[in-house]
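First up is the structure itself, then whatever we jot down about it.
Throughout, protein chains are lettered first and strands after them, A, B, ... in sequence-line order, and every chain is numbered starting at 1.
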Amino acid sequence: MPITRMKEIGEKALALVDVSLAEDAFTFGSRYKLVTFVFLVSVSLLSFGGLALLKIDTSYESLISKNDVGWPAYEQTVKDFGSDNTTILFLRDENLWAPERLRLVEELVYALRDLKPVEKVESLFSITNIRDKEGILESGPLMDIAPEDPEEIEAIRNDALYSPLVRRNLLSDDGKTMAVNVTVRRDLTDPDFNRDFYGQIEEMLGPLRGNFQKIFQIGPPRLNVSIEHGMIADLKFLTPVNFAIVTISILLFLRTFWAAGIPAVTSGLSILWTFGFMGYVGIPITLLTAIIPALVIVIGSTEDTHMLTTYLHGVDGQKELDREEAVGYMARQVGLPLIITAWTTGFGFFTNSVSVVPLIRDFAFASSFAMMANMVVTITAVPLLLSIIGPSRCDLAHSHDVPSGLTGIIVGWVEIVGHRYGKQVIIVTAILMIFLGLQALNVRVSNDPLSYFQKNNPLVKDANVLSGELSGMQIFYLTLRSEEPNAFREPENLKRLERVQRFIDDQGVYDRTISLVDHLSLVNRELHNGDPEFFRVPTTRREVDEYLLMFQRGDIERYVTADYRSVNIVVRHSMSDSHELNKNLKLLEVGLENILPPELKPDISGENLMINRAAETLFSGQVDSLMLLIAMIFMIIAALYASPLAGLLSMVPNLIPVLFCFGVMGLFGIPLNPGTATVMAIAVGIAIDDTIHLMMRYASTCRKEPDQFQASLVAVRTEAVPIIATSISLALGFSTLISSDFAIVSQFGVLAAATMVFALLADLLVTPVLLRQIRIVGVWDVAALNINKEALLKSPLFRDMSVFKIKKTILLSRAQEFITDEMIIEQGTQTKNMYVVLTGKVEVVVRSGEGKEVQLCVLGPGEVFGEVGFAGEILRTATVRAVDTTHVMSLDYEMTRKALRFYPHIASQLYHNISYILSARLAQANHRLETSENIS
Amino acid sequence: MLLHRIVIAVFSVIFLSSANVGHAEEMSGRQIMDEVADRQERPYEYEVQSMVLTDKGGSTEKRQLRRYVRKGEDGNFKYLIVFHDPVGVRGVALLTWQNKDKDDDQFLYLPSMGKQMKRIAKGGKRNYFMGTDFSFEDLILESRDKFRYTKLPNETIDGQEHFVIDAEPEDKELRATTGYKSRRLWIRKDIFFIVRIDYFDRRGRYIKRQISEELKQVDGKTWRAEKITVDNEMEKHKTAVEISSRSFAETDVPSENFRQRFVTSGKHIR
């Protein structure tokens, strides 16, 4: 049968991958010190090479999905109308129009024109002024050199405020704030472009600073530079802070001094290797990857804590200090779980790579590499270090005792609550989950880079000032395209353009729009002696042709193509909430459909827009990565315990914090952004570690302790210290992120910290309650179990069961060892249980009335005795004694029912066999009765 | 004695004639400019021009126009430019009356405006004309009295020797309204014809270059260029003018053409 064959093969494979392999891996470092040392050093040296290649990237492209459908339209628009990368220089003074200030601005404007990447400088010195003054037409630049004459200055100021092209674009309503708009065509191959350009502008603004009350530059270069500053600050601050926290927690919880130095080594090497990797592979430092060192320190320390705790237990049990032996003990106890948890954590980070946003994908790759590197470093370096300089004393409580100190208080409380209020706990949890689940529906997505910053960041404040006085710094283009040349010389089409522009203005959410309509309306008005009635598009084609003569190509190149086939409306706004922007754009698209005929095709494009559109992928990306993680973890756990139920069980305590977190986000209005979107999968990947530790501890305790409740208690007590220590230090570590310049990073920190706390509570309160409903057995234990196959296969108890099932049953039941002559069943006592011999031999003897013993038979592996006791206590009619060292498996109804409750296949087979044995026994008894009756 | 006098006379002739040649070398800037004006200025001139405007993207716009020039009895020039192609700009006209002691009068006519011409403000001289790379002040002859001309060392270009002169406005009024701090002119020494002008803005930065090519001797010492190109480095724009036909006859530029009524009545486009 193919299935059984597969199982056999699976078994053989498992036999290879068993605990001892993990143990070997974990003690490698202590057994081969020199090799390990050389390995560590060489990889580190190699990493330096990658480190040198490491780059910083704060560009907008990293925030935009490469699949965004808007790219081609955007590129075409930029080609037709020029770049939308505009830096606005904001200059404000009470006495702005003083000649010396105007002179300084003139100098600035001309110096700007000389800068190579500058495509266009728009200012009061370049803008075309068209004005009718008492019948005389003025037409030309508003200013070309700074005027001196106060009358002239006043006239110019007046003209500026009067011009619709100037007002709220280059000059504020009160005339005290002036802007210079510098458009650059960015060299996409130059990663330093924004930083260099920003620096050049800052240099130019230097001499002006003393002369203006308020002066700043704002635009994409500054945004990128601010992101860069923020993330370098994060790197410099968070890393040492987290390191300090981790060291202090270990000192507090583990009470050992030396050991606190170990995380320094493992984290340091992991970070070095990760940066080396990033350098070689071309993943840059971004505002997300900048927090990786802090994450490595915090998360990596959890493994170190587990290892140290078991090492200390190992030392504790020794008469004479033997570090290598303690390391071996550690490896046996936590080796396998640590490898598994390293994988789940790493995978948690990795699942974020499904995102289409490059920023998030890069973070996923770099962070999962960091976790894997940390695992390798930990496996090799920690045993190496411990075997040389590990602590010699253990100040922790013994495993079966309740821990002391802070942990003791927590564990004690947990035990009381879990024991007495088990049901209430579950109900309260369920209610909270429903409530927060509903709150989670309120969560909104946001991806605007301005929203990455904290509200008190100077960049955000300046953006608000700008939008208040002039117009927002966010720009997008609305382009109308026609197939016909000169389409937009026709008044009909210009009227449509006018209607579109009016629709946009009526939406009331944007700060300003400018288009060809404004230019033509201006001329129309002024040629009609300034009559406001005429501030509209002219009605005849002739007028349009003539009016256009008033402009140089350079004046209108941003608003219409040379062939007049396409026109462009430049829209400026200050919305930094993706949700709001996307909503308004959708309304705009609908409006356009109503205004425009099919031959005029609209395009709404801008870098700004694509970034905000990427926001919409955050949500689905999050869901995808979480699903992927859950599926993966489920499969791992189910495979480890050969039980889908175990897989399911491991997810429950970890989905609780997920739901809690989404609920918290919905409740407090924390949006889903590149920071918070990555949290879930990461948090689950980490939170599950504690559950895995608990499960594995429980599984191994179950083999010695038949009472599942007791087993769960012991498991919790043993794991309490490391679990609490790691959760609290993780929570603290994540919460340091709150101090980041970036709102998205601090939100990430808050949520992750909250998840750690929720997960801790779930693991301490909910997991034990779930675990004690079921016995679980690790497949490696099954694989490692040595049994007498031929004998057991023949055993009536194990009829029709595969070797795998037999082993599993044995492990799920209670196995006992008896030495020579030790009594297993005593005649005349009232006991329950049925037994089957696993190894060794037992003899069945009956004591006669005289006290003489008669041996009835000798039983070997696979043979069953005491089966009548299966259903309940009975009076034993014979004594069963071990002949040599014997292992027996004992079963009773209650225990079996509980243990096998979730293994129905095994249970049904077992019950079937037992009933067969019992009925055979009954038949035998009947036969004896008949025979004896016959005799008598 | 006679031989003595003859020798002196001969030497004097030689000396004087060479001095004449030397005199040309020692002409001042102003003198050169006067000579240019002498040779090249005509009291009556009529041109039919086709113009091609090229923007930084390479897109072009074509125009056809007629240019009328007439020198009045008071020595002041009057100019009329009329567009006749494309249809959209037919009839658009610019009328300029040069004045010695005060600002020039300039009037713009847009047919869609009906019967009136719009006066252009005095500061507007330095503005570009109708989307071309010529400014209003480029289109009229300069009043030499208002400039200071500095002669620079000659340059040889394409085997030809050229005078090089820097022209800067001296007149206070002019200095305030002109768009140029200075211009540099290259004048062909053999024919006293300006073949190249570099323009510098009020801050002394280079704006554009005008080149005259396909020179033809049209009448006596008077030459004209068939092709004039302005390459505007600052705006990244080009204007190329080709003269399709030309006349110096007075009848082609009657004085009534230079009255507002000529334009506003629409006669100018017939």
List the steps and the verdict of side chain to side chain contact (heavy atoms under 4.5 Å, CB included) for A:D144 and B:D201.
-> CA-CA 9 Å; A:D144 60 347; B:D201 73 2; over 6 Å; no

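- Both the backbone and the side chain of A:P141 come within less than 4.5 Å of a heavy atom in chain B.
- Annotation for B:K238: atom NZ does not count as buried by contact number, only 12 or fewer foreign heavy atoms lying within 6.0 Å.
- Nearest heavy-atom pair across B:V89 and A:D545 is CG1-O, 4.2 Å.
- Heavy atoms of A:R542 lying under 4.5 Å from chain B belong to its backbone as well as its side chain.
- The environment of B:K267 atom NZ is sparse: at most 12 non-hydrogen atoms of other residues, nucleotides or ligands sit within 6.0 angstrom.
- For B:P111, the parts lying under 4.5 angstrom from a heavy atom of chain A are both the backbone and the side chain.
- More than 12 non-hydrogen atoms from other residues, nucleotides or ligands lie less than 6.0 angstrom from NZ of A:K495.
- Residues A:E557 and B:K56 form a side-chain contact, since some pair of their non-hydrogen atoms from C-beta on lies under 4.5 Å apart.
- With a 4.5 Å cut-off on side-chain heavy atoms, B:M113 and A:E543 do not count as touching.
- By the 6.0 Å contact criterion, CD on A:E492 is open, its count of non-hydrogen atoms from other residues, nucleotides or ligands being 12 or less.
- The parts of B:R90 that come within reach of chain A are both its backbone and its side chain, each placing non-hydrogen atoms under 4.5 angstrom from that chain.
- Annotation: maximal heavy-atom pairing with chain A below 4.5 Å, among B:E235, B:R203, B:K236, occurs at B:R203.
- The structure places OH of B:Y128 at 13.0 Å from OG of A:S139, a figure rounded to the nearest 0.5 Å.
- Put simply, CD1 on B:I120 and CD1 on A:I136 are 10.5 Å apart, with the number rounded to the nearest 0.5 Å.
- In terms of modelled atom types and a separation under 3.5 Å, the side chain of A:Q552 and the main chain of B:G131 share a donor-acceptor contact.
- Interface check for chain B: of the options A:R131, A:E138, A:E106, A:H528, the most heavy-atom pairs under 4.5 Å are formed by A:E106.
- Interatomic distance, CG of A:L549 versus CZ of B:F129, reported as 8.0 Å (0.5 Å rounding).
- In this structure, the portion of A:Y547 lying under 4.5 Å from any heavy atom of chain B is its side chain and not its backbone.
- Nearest heavy-atom pair across A:E546 and B:V92 is CG-CG2, 3.8 Å.
- Atom CZ of B:R205 is separated from atom OH of A:Y110 by 8.0 Å, given to the nearest 0.5 angstrom.
- Interface check for chain A: of the options B:G88, B:P86, B:A176, the most heavy-atom pairs under 4.5 Å are formed by B:G88.
- One distance of note links CG of A:D563 with CD of B:E61; it measures 11.0 Å at 0.5 Å rounding.
- B:L108 touches chain A through its side chain: at least one heavy atom from C-beta onward sits under 4.5 Å away, while N, CA, C and O do not.
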Go through A:N529 and B:K118 one step at a time and tell me if the side chain to side chain contact (heavy atoms under 4.5 Å, CB included) criterion holds.
-> CA-CA 10 Å; A:N529 303 314; B:K118 216 60 175 163; 3.1 Å; yes

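- Comparing A:M550, A:R113, A:E107, A:K79 by how many heavy-atom pairs each has under 4.5 Å with chain B, the most go to A:E107.
- Listed for the A:R553 side chain is no donor-acceptor partner under 3.5 Å among the backbone atoms of B:T132.
- Of the listed residues A:L137, A:D114, A:T561, A:D132, the one with more heavy-atom pairs under 4.5 angstrom with chain B than any other is A:L137.
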